[in-house]
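Residue numbers begin at 1 in each chain, while the letters A, B, ... track the order of the sequences. Hydrogens, waters and symmetry mates play no part in the numbers below; they use all other heavy atoms, side chains included.
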2 protein chains.
Amino acid sequence: MNLKQLAEHLGLSQTTVSRALNGYPEVREATRKRVQDAAREFNYAPNVRAKGLATGRAMSIGHVIPVSKKHEIVNPVFADFITGSSEVYSKAGYDLVISLVEDGDQEQRYRELHAKGNVDGLIVHGPMRVDSRIEFLAELGMPFVVHGRASDIGSDYAWIDMNNRRAFHRAATLLIELGHRRIGLINGIEAMDFAYRRRQGYAGALEDCGIPCDPDLLFAGEMTENLGFCAMRDMLLLDDPPTAVLTSSIIIALGVRHAMDDAGLVLGRDVSLVSHDDDLSYLRNRADVPVFTATRSPVREHGATAAEMLIRMIENPGQPPEHVLLEADLILGRSTGPAPRPG
Amino acid sequence: MNLKQLAEHLGLSQTTVSRALNGYPEVREATRKRVQDAAREFNYAPNVRAKGLATGRAMSIGHVIPVSKKHEIVNPVFADFITGSSEVYSKAGYDLVISLVEDGDQEQRYRELHAKGNVDGLIVHGPMRVDSRIEFLAELGMPFVVHGRASDIGSDYAWIDMNNRRAFHRAATLLIELGHRRIGLINGIEAMDFAYRRRQGYAGALEDCGIPCDPDLLFAGEMTENLGFCAMRDMLLLDDPPTAVLTSSIIIALGVRHAMDDAGLVLGRDVSLVSHDDDLSYLRNRADVPVFTATRSPVREHGATAAEMLIRMIENPGQPPEHVLLEADLILGRSTGPAPRPG
DNA sequence: ACTGTTTTCCAAAGCGCTTTGATAGCCGCA
DNA sequence: TGCGGCTATCAAAGCGCTTTGGAAAACAGT
């Protein structure tokens with residue numbers, strides 16, 4: 001059933017039917033009602049491509065997710081982020097199209113998405129510390145919101161980010177206040193902006209307290225359970241092992257706990273742990289007293305906010321780009337305790 | 001830059017330019033070359049909505065992902081599944097649109113996707129044991145492939161599934177052969193078809209060996225780390241605790257290990273564990289000798305295969321629906337061992 | 001030179017919608 | 001009665017592409 005058929009059936013013109021359905025005022029209420037009823041009866045929904053052609057709007061939004069071919073890893077954060085966005089989109093009538101793109105052909109794919117015109121705007125995931133995509137997109141003139149930031153960008157652009165540096169500064173400070181001096185960091189890949197900032201926060205807290213930064217306690221990599229396990233295992237073999245660690249994701253924290261269990265150590269007593277917690281739905285760390293002490297920032301909410309920002313940009317072009325910086329909550333759980341007395 | 005402009009620039013008609021770019025034979029090779037060069041020079045890419053309108057094809061595929069509002073959980077399997085599909089789609093020129101839909105308005109959303117015409121086909125995730133969506137979609141006449149199966153469906157439909165029943169039958173049999181008699185099961189929600197079949201496989205293996213099925217050892221729920229933890233903790237408190245458990249996902253298995261560590265027990269010695277392993281990228285269980293003994297079936301490959309099936313259905317309508325049943329590998333890891341001697 | 005093929009290109013219709021500009025019909029007011 | 005100003009509706013153009021049905025040009029065969 002299409003507009004033409006519906007109009008014929010009603011004995012009206014396409015114009016009137018279209019207007020009735022789209023809420024324009026120049027149609028009598030009785031007529032509008034009649035049209036709406038018929039539309040419902042025949043399950044009429046306007047063809048989205050035709051509508052897009054006519055209006056110049058695609059009514060869909062693209063999420064561009066980088067996939068490193070080498071690691072074949074999709075950051076599990078995306079699933080929750082998208083869940084957050086999705087609800088906002090469907091309320092506003094947008095579709096969500098996902099584009100996994102490999103390291104190499106990033107710019108080509110952006111250009112393509114733009115030229116093909118199948119999205120009205122983009123969400124950019126996983127910005128690197130230095131990320132050419134952003135300048136490129138800005139030149140392309142398509143609205144976009146970055147989840148995270150890139151550090152060295154000349155132009156202004158819209159982003160939503162967590163205050164990674166402060167979160168890790170606070171977490172490290174907490175550990176220091178508990179008496180810890182040997183504090184490890186198991187981070188994401190530090191070419192990624194978020195991981196770099198977390199590292200800075202960690203290093204800054206140590207520096208503020210005059211604690212030297214020991215490279216033997218620094219690890220970075222894809223945030224898998226295995227990374228946490230290996231890093232912790234290696235650190236425990238050191239002559240002077242850490243009494244506390246900071247981890248960049250709950251998945252890493254699970255690996256850390258695993259290594260500690262293997263070594264017969266108890267989390268929160270022998271070694272303290274503070275993790276960042278994206279509040280992923282299947283890795284909830286939300287008991288009355290959570291298992292892990294954590295800096296928590298629900299990524300699902302980031303997704304919803306980013307979606308709202310982007311829709312605003314699309315629907316009111318010409319506004320200056322918005323920036324949202326969210327603070328993480330520091331949640332006390334059972335994985336932290338005072339530093340054990342040496343010996 | 002659009003077709004018209006490109007054609008004018010080249011001094012050709014739109015027809016010829018269109019044909020040149022789409023590989024039709026009735027255009028001179030020299031002309032084609034000239035057109036292609038110009039297209040590249042101006043970054044011309046045909047507007048996908050206009051193309052869709054003209055051809056009646058959307059060149060995009062929808063993934064419908066059920067979200068239970070109650071649990072607010074997105075199964076992490078989807079991320080990897082989609083990664084597998086995505087590559088196939090982009091090679092074949094399709095876009096991927098994602099539709100998270102809540103329990104209630106399933107059918108409405110399918111109908112909408114169909115009427116709006118923004119997808120050529122659908123992948124249906126998370127089928128329930130009894131799932132009205134499938135009959136509904138079949139009536140709608142839109143090509144679709146189900147990831148998993150529903151049990152009681154009259155009509156024939158395309159699906160790709162793992163042999164859940166056999167996998168869990170084999171896993172349970174392995175444990176029985178190792179001397180275990182008290183074997184727990186921590187499963188997904190058993191209204192879901194895959195979980196129901198796993199339960200059947202487990203129960204069948206016990207029955208084959210004349211071992212009674214103890215309801216105290218049966219758990220089912222959203223497959224989170226917490227489910228594994230709580231279930232195992234509870235089972236360890238039983239008068240006659242299990243010496244082995246089967247889990248439906250590695251995330252559950254992590255929770256089980258956690259509970260065991262808390263109880264001071266060693267995996268593979270005190271209690272054996274076999275998990276199903278979807279081979280998720282950030283929870284790899286792939287050491288030389290894997291941590292967990294597991295039934296492994298890489299969900300990313302399921303995604304790719306499903307995508308290929310669906311594209312075949314779209315491009316050759318009228319063929320009978322394909323079915324793919326994959327066997328899981330049984331991988332021996334360090335989490336299994338002979339049943340401990342009683343006492 | 002004349003016809004029949006083949007090659008190469010083109011004009012125009014059509015996909016399903018929105019939107020502009022026009023047209024009736026009706027009201028009130030002089 | 002006639003005219004301006006509304007209201008409710010419509011016809012038609014246009015969005016950017018594909019594709020049908022020609023037609024001109026080039027070529028081949030007699």
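- Taking atom CD of residue A/Glu8 and atom P of nucleotide C/dG16, one finds them 12 Å apart after rounding to whole Å.
- Checking the phosphate oxygens (OP1, OP2) of D/dC17, a side-chain nitrogen or oxygen of B/Tyr44 falls inside 4.0 Å.
- Between B/Tyr157 and B/Phe144, the ring-plane angle classifies as parallel under the 30° and 60° cut-offs.
- Here the C1' atom of nucleotide C/dT18 and the CG atom of A/Leu21 are 12 Å apart, to the nearest Å.
- Remark: A/Asn22 is in phosphate contact with C/dT18, judged by side-chain N or O atoms under 4.0 Å from OP1 or OP2.
- By the 30° and 60° cut-offs, the orientation of the rings of B/Trp159 relative to B/His323 is parallel.
- With rounding to whole Å, B/Arg49 atom CZ is found 10 Å from D/dC17 atom P.
- Helix-axis bend for the helix from C/dA1-D/dT30 to C/dA30-D/dT1: the local axis fitted to the five terminal pairs at one end deviates from that at the other end by 60°, rounded to 10°.
- The separation between B/Arg34 atom CZ and C/dC9 atom C1' is 12 Å, rounded to whole Å.
- The separation between B/Lys4 atom NZ and D/dT18 atom P is 15 Å, rounded to whole Å.
- Between B/Ile61 and B/Leu122 there is no side-chain heavy-atom pair separated by less than 4.5 Å.
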Check: protein-nucleotides 6-13 of chain D nitrogen or oxygen pairs below 3.5 Å:
unit_1 : atom_1 : unit_2  : atom_2 : d
D/dT9  : OP1    : A/Arg28 : NH2    : 3.1
D/dT9  : OP1    : A/Thr31 : OG1    : 3.1
D/dT9  : OP2    : A/Arg28 : N      : 3.3
D/dT9  : OP2    : A/Thr31 : OG1    : 3.2
D/dC10 : OP1    : A/Ser13 : N      : 3.4
D/dC10 : OP2    : A/Ser13 : N      : 2.6
D/dC10 : OP2    : A/Ser13 : OG     : 3.0
D/dC10 : OP2    : A/Thr16 : OG1    : 2.8
D/dC10 : N4     : A/Arg19 : NH1    : 3.1
D/dA11 : N7     : A/Thr15 : OG1    : 3.4
D/dA11 : N6     : A/Thr15 : OG1    : 2.7

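- Computed from coordinates, the B/Gln5 CD to D/dC17 P distance equals 9 Å when rounded to whole Å.
- Results of the side chain to side chain contact (heavy atoms under 4.5 Å, CB included) test with A/Val64 over A/Val101, A/Leu100, A/Ile98 single out A/Val101 as the only residue that passes.
- Checked against the 6.0 Å centroid criterion, the rings of A/His147 and A/Phe81 qualify as a close aromatic pair.
- Closest approach to the A/Thr55 side chain among D/dC17, C/dT19, D/dC15 is made by C/dT19 (side chain taken as heavy atoms from C-beta onward).
- Atom CG in A/Asn118 sits about 16 Å away from atom C1' in D/dC15, given to the nearest Å.
- Contact annotation: A/Tyr24 side-chain N/O to C/dT19 OP1/OP2 distance is under 4.0 Å.
- With hydrogens and angles disregarded, a donor-acceptor distance shorter than 3.5 Å links the side chain of B/Arg49 to the backbone of A/Gly117.
- Note: A/His63 and A/Tyr89 meet the aromatic proximity criterion, with ring centroids under 6.0 Å apart.
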